[in-house]
> 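Before I ask anything, let me first share the structure, which is written out below as structure tokens.
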Amino acid sequence: MRIATWNINGLKARLDYLCLWLAERRPDVVGLQELKTEDAQFPHARFAELGYVAHVHGEKAWNGVAVLSRGEAEVFQRGLPGQEALGARLIGVRVAGLDFTTVYCPNGKTLAHVDYQRKLDWFEALAAYWAERHAPDRATVLCGDFNVVPHATDSWRGADGDGEIFHTTLERERFATLLALGLIDLYRDRHPEGRAYSWWDYRGGSFHRGHGLRIDTLLGSEAVRRRVVEVVIDRDFRKKQGELTPSDHAPVYADLSDR
DNA sequence: ATGTCTACTGATAGTAGA
């Protein structure tokens, strides 16, 4: 089974590109972030053609998350309790024997911006929700765009980035709290030494300069980790495909054995 | 190089957000 996460930066603008990737990689379950689409505008029919059912938590213009799956899925959560004011950023479904949750964590903008503290608070709410709702012995996935660089090695700037937005100790502590709840960074677990990024700024030729950050992650419980065969950051799909413009994020996927 | 891309607007170019 192949599970994936991808911040697509606008579903309407990315639909053809996304469908190209679905046809090429054939994932079974996909968490999508930054739909920027109202639920009423969600193109369910287009995904049905490719064999996917979608469950959506969207809003106009900003944010928005969804889960695509080949099999039946049942939504158990839309939105992070108490954090609705920050937008549609979380959806959880039971699918293929997994509790699969995808999140679009707040960006924070700058350290001086009020949104930075809101980001930290949002993470605390996420950890509290997770601690309350998710038993560590179940097969659970928490994936998405965390907008946090977990370690210096996950930034093109290395330790020189420490203290900048996405790279602060407080953000890293919030991310580490999720790991302390029994979640494992599946890419880092599979590739302890690998240096790979999942996001590159559109500006300044960042992709070609290698100026990226690893901020998109599949976190899994131990029951998921022990089934991992491979984890891939699919950087070919950060490139232009013909005339189709990529997202600023690459997809990340993991292949799991059946048991 | 903050050099791009997306979606919004009493729109049709300019702004905000990332």
Side-chain angles (χ1 to χ4, degrees), chain A residues 5-21 31-43 46 56-66 80 83-90 102-123 126 143-150 154-157 160-161 163-168 170-172 174-175 197-217 233-252:
Chain A
T5 181
W6 197 3
N7 179 323
I8 53 169
N9 187 25
L11 180 59
K12 292 187 286 286
R14 208 70 59 220
L15 187 56
D16 289 342
Y17 195 111
L18 171 58
C19 288
L20 191 70
W21 179 78
L32 299 173
Q33 306 90 40
E34 278 211 88
L35 306 178
K36 301 183 177 181
T37 304
E38 288 175 282
D39 289 2
Q41 311 297 321
F42 192 90
R46 190 72 192 277
V56 188
H57 181 45
E59 65 180 275
K60 185 178 181 179
W62 307 113
N63 310 312
V65 287
L80 178 58
Q83 295 292 316
E84 293 80 3
L86 271 72
R89 295 176 179 273
L90 182 150
T102 195
V103 290
Y104 173 47
C105 301
N107 177 291
K109 297 190 178 73
T110 67
L111 302 197
H113 199 284
V114 64
D115 283 3
Y116 176 66
Q117 184 60 49
R118 288 177 178 148
K119 175 182 190 175
L120 298 176
D121 293 345
W122 194 94
F123 269 94
L126 177 61
C143 66
D145 174 3
F146 288 84
N147 275 320
V148 174
V149 174
D154 297 313
S155 171
W156 70 275
R157 301 182 60 191
D160 290 345
E164 302 281 329
I165 189 71
F166 295 15
H167 303 67
T168 67
L170 290 176
E171 289 166 297
R172 287 172 169 165
R174 299 301 189 277
F175 185 80
Y197 309 128
S198 66
W199 173 86
W200 296 259
D201 200 312
Y202 284 123
R203 298 167 291 192
S206 296
F207 184 72
H208 294 288
R209 290 163 169 257
H211 292 182
L213 306 175
R214 193 174 71 89
I215 56 177
D216 301 271
T217 312
I233 301 180
D234 204 358
R235 84 185 279 291
D236 279 352
F237 284 85
R238 175 59 178 77
K239 301 174 182 172
K240 202 168 166 79
Q241 299 283 331
E243 292 306 303
L244 300 177
T245 303
S247 170
D248 46 354
H249 298 252
V252 182

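Proteins come first, then strands; the chains are lettered A, B, ... in the order of their sequence lines, and each starts at number 1.
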> For A/Asn63, enumerate each residue passing the side-chain contact (heavy atoms from CB on, under 4.5 Å) test, keeping only those at least two apart in sequence or located in another chain.
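Applying side-chain contact (heavy atoms from CB on, under 4.5 Å) to A/Asn63 gives A/Glu59, A/Arg89, A/Tyr104.
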> For side chain to side chain donor-acceptor pair (under 3.5 Å), just list the numbers for A/Asp234 and A/Trp6, CA-CA rounded to whole Å, side-chain angles, deciding distance to a tenth of an Å, and then say yes or no.
CA-CA 10 Å; A/Asp234 204 358; A/Trp6 197 3; over 6 Å; no
> For atom P, what is the distance between B/dT6 and B/dA11, given to the nearest Å?
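Taking atom P in both B/dT6 and B/dA11, they lie 23 Å apart.
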> Given atom CG of A/Leu244 and atom P of B/dC5, what is their separation to the nearest angstrom?
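Going from CG in A/Leu244 over to P in B/dC5 covers 13 Å.
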> Considering residues at least two apart in sequence or located in another chain, which fulfil the side-chain contact (heavy atoms from CB on, under 4.5 Å) criterion with A/Thr168?
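Per chain and number, A/Thr168 pairs via side-chain contact (heavy atoms from CB on, under 4.5 Å) with A/Leu111, A/Tyr116, A/Leu170, A/Glu171.
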> Where along nucleotides 7-18 of chain B does protein come under 4.0 Å, by heavy atom, of base (B) or sugar-phosphate alone (S), with - for untouched nucleotides?
SSS-------SB
> To the nearest Å, how far apart are A/His211 NE2 and B/dT4 C1'?
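Interatomic distance, NE2 of A/His211 to C1' of B/dT4: 16 Å.
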> Between atom CD in A/Gln33 and atom P in B/dT6, what is the gap in whole Å?
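My rounded result for the distance is 17 Å.
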> Kindly write out the residues that satisfy side-chain contact (heavy atoms from CB on, under 4.5 Å) with A/Asp115, not counting sequence neighbours, or none if the list is empty.
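side-chain contact (heavy atoms from CB on, under 4.5 Å) check on A/Asp115 returns A/Lys109, A/His113, A/Arg118.
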> Roughly how many Å apart are B/dC5 and B/dG10, using the C1' atom of each and rounding to a whole number?
26 Å
> Listed by chain and number, what are the ring-ring contact (aromatic ring centres under 6.0 Å, His included) partners of A/Trp62, not counting sequence neighbours?
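Counting only residues at least two positions away or on another chain, A/Trp62 forms no ring-ring contact (aromatic ring centres under 6.0 Å, His included).
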> Taking only the C1' atom of each, what is the distance from B/dG17 to B/dT2 in whole angstrom?
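Taking atom C1' in both B/dG17 and B/dT2, they lie 13 Å apart.
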> Who pairs with A/Tyr197 by side-chain contact (heavy atoms from CB on, under 4.5 Å), at least two apart in sequence or on another chain?
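With sequence neighbours excluded, A/Tyr197 shows a side-chain contact (heavy atoms from CB on, under 4.5 Å) to A/Trp156, A/Arg195, A/Trp200, given in chain and number order.
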